[in-house]
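Please read the structure below before turning to the comments.
Letters go in sequence order (proteins before strands), and every chain restarts at 1.
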Number of protein chains: 2
Amino acid sequence: MAEKVTIADVARRAGVSRQTVSNALNSPGVVREETRQRVLRAVEELGYRVNQAARQMRTGRSRLIAIRIEPDRDGINGSVLDRFLHGLTESAARSGYRVLLYTADDDRAEVDTFEDLLGAYEPDAFVLTSTHHGDLRTAWLLDQKVPFVTFGRPWSSDSPKHLWVDVDGAAGTAAATRHLLDAGHRAIGFLGWPPGSGVGDDRREGWARTLTAAGVDPTGLSRATSDEVADGEKAAYDLLRSDLGVTALVCASDSLALGALHAARSPGLAWQPGRGPGGGAAERPVAVIGFDDTPVAKAVGLTSLSQPLAQAAAHCVALLTTLLDGQAKPGEPPANVLLEPSLVVRQSA
Amino acid sequence: MAEKVTIADVARRAGVSRQTVSNALNSPGVVREETRQRVLRAVEELGYRVNQAARQMRTGRSRLIAIRIEPDRDGINGSVLDRFLHGLTESAARSGYRVLLYTADDDRAEVDTFEDLLGAYEPDAFVLTSTHHGDLRTAWLLDQKVPFVTFGRPWSSDSPKHLWVDVDGAAGTAAATRHLLDAGHRAIGFLGWPPGSGVGDDRREGWARTLTAAGVDPTGLSRATSDEVADGEKAAYDLLRSDLGVTALVCASDSLALGALHAARSPGLAWQPGRGPGGGAAERPVAVIGFDDTPVAKAVGLTSLSQPLAQAAAHCVALLTTLLDGQAKPGEPPANVLLEPSLVVRQSA
DNA sequence: CGGCATGATTAGATCGATCAAAATAAACTG
DNA sequence: CAGTTTATTTTGATCGATCTAATCATGCCG
């Protein structure tokens, strides 16, 4: 291990007291400029780094941000969290924070972990993902007055007030739908999840809104299913063989979109003569757009909506630091952030 | 925040001294059984949790394991690290450790981060991934006597000795090749990376060895390219249209395999009459096997080799804990671990 | 029953930083 | 120039745990 350099070593070298070293580093305004320089030089020469544990004992601040790493369920959307995590780690480091990981199988287990962590490592804040209706976690954290941000809006109107950063799913599906309308499609279907999930409802809403605005009635053009490739394929097949003349699909996830692609390629559906936009236009495969721009989308040439994850992570850190370091004025709370996804156009649409 | 419970509170409650509480928890053998019970009851009642920062100050141990989270380059293989990370977090928690993340753009930056972290948070150990020839990091850590394990073997024969856990890539490609041989294929090609990368050479070797053992000369049946889908497609196309009658491909990654699948489906190559195994057998698509069993493989039905990542992570933690907690005997160092990947058979082969 | 290992518990110091308050130096005021 | 005010630096205590060494019980033996 490297030899330890303490604040006392620096003090000795600079010919001042420990406290002056501390002040030079933490409250530069209070020390004379010349001594500050002298201290900084000593710090440099000795390679001094403040010991977090010791600082934490006195200040109660660990400069740690904790976040849960989920077992990537279906695997496809797991990469979203992964990319977010990377962005979070980078942004946090820039603000002098480190990211601590934990796992938990459900809300209750996660709250237990909160207690564990707060008792042992005392992270300064938590970042929550996958927020949902009636989230136990946010309520608990608010109750305990533990700082946190969620990546994802609080979906219920009655859900507790807290900081959040999110990506505007509706804006995304709206953009996707417009893209398809511009390409001449009219009967544009939607493949999503059963009502009740905030994220899913939001994404469906963007599609419906845009279609309606374009004079197309979305009724009957939507299907809901669980987030599995196979289920997406079934639902897409069902929608495509209906007599609504669906020529394009906007999907709530890349998993569903991949299923849709499979369905669209199944015999008797893709390349249907006379079904392309514009009536008797040339044969054309069913257009499909996914959501999240996962590696799978890139791999199979699926057009998809990309979330600005690094940006979202940076905003999370920014909100937390104003909450932790800066003094958030009571009258003027930090603003929540809603980011827009961007459409990555590939072969599928 | 929750009210803080210190060891003094527990001591008061149990009617003993602080030190006895500490002993009851850390050196149970030294305390009378009855008092131990009394202390444990007090701990339970008050919800006491040892403060890591305070403990760390005295013992110098943080119970933190640091690992770098990489920006998933091509996206496809990023999920491997993600799954490993999840396993690591779970295993570490079981042993009373937490995982701390950091990022770094290259070896040199990573070594700088080592210094930063060791000075500030004092992680007890590091887990390194993506080890490579002439790795600066392992040399530095060994020199500083900082405990660490690598997920990945030290590839050079002259590389420094340290703990590692790895997955036997050669065994994997050998199994894949056998699987293809059993299915009747003879001219089985290999798609990999340019020589020089330990991992890539290892995977190629397993294929070549197995083919040779089956009496097939692997000469000319191999192509090397960078790990991109498009490059894989080009290389596969090149190999397939040669006059060697290649009917199956083993690939060093899912990215390459995906490219191979595309190539195999390109007109004039797939379903080539008379080219199937057994000479004039029925038409058959080119078989493809990938490596890593990424979400993409699952999504497109690609047969692939799955690494036991959770297991690998667990072994990493096990090695570290014997190194840190247990007393690794000088004469009998902890054994490195080589795990076998398993073949996940899907439609592609 | 004194002398002494052995067992169980406790008091005091310590890790490295920061806080609070005191001490010292410099500057200002009438 | 004494009397303060202001700027700068220093001393001592403290955060919560563990280490070291000392204290207090017990049990055993000759």
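Counting heavy atoms from C-beta on, the side chains of Arg61(B) and Asp325(B) come closer than 4.5 Å. The closest side-chain heavy-atom distance from Leu117(B) to Phe126(B) is below 4.5 Å. In this structure, Val167(B) and Phe151(B) have side chains that are in contact, with non-hydrogen atoms separated by less than 4.5 Å. Contact check for Asp124(B) versus Arg63(B): side-chain heavy atoms found under the 4.5 Å cut-off. Looking only at side-chain heavy atoms (C-beta outward), Asp106(A) and Leu136(A) stay at 4.5 Å or farther from each other. Side-chain contact between His132(A) and Asp107(A) is present, with heavy atoms from C-beta onward closer than 4.5 Å.
Heavy atoms of Arg49(B) sit under 4.0 angstrom from primed sugar atoms or phosphate atoms, though from no base atom. Across all strands, Arg61(A) comes closer than 4.0 Å to no nucleic acid atom at all (heavy-atom distances).
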**Message:** Across nucleotides 6-12 of chain D, 5' to 3', mark each nucleotide with B, S or - according to how protein heavy atoms within less than 4.0 Å reach it.
**Reply:** --SSBBB
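Here the range on DNA chain C touched by chain A, meaning any atom under 4.0 Å from one of its heavy atoms, is dG16(C) to dA20(C).
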**Request:** Step by step, work out the salt bridge (charged side-chain N to carboxylate O under 4.0 Å, His left out) result for Arg41(A) and Glu45(A).
**Result:** CA-CA 6 Å; Arg41(A) 195 170 332 120; Glu45(A) 291 168 350; 5.3 Å; no
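Put simply, the side chain of Thr150(A) gets close to the backbone of Gly152(A): a donor and an acceptor are under 3.5 Å apart.
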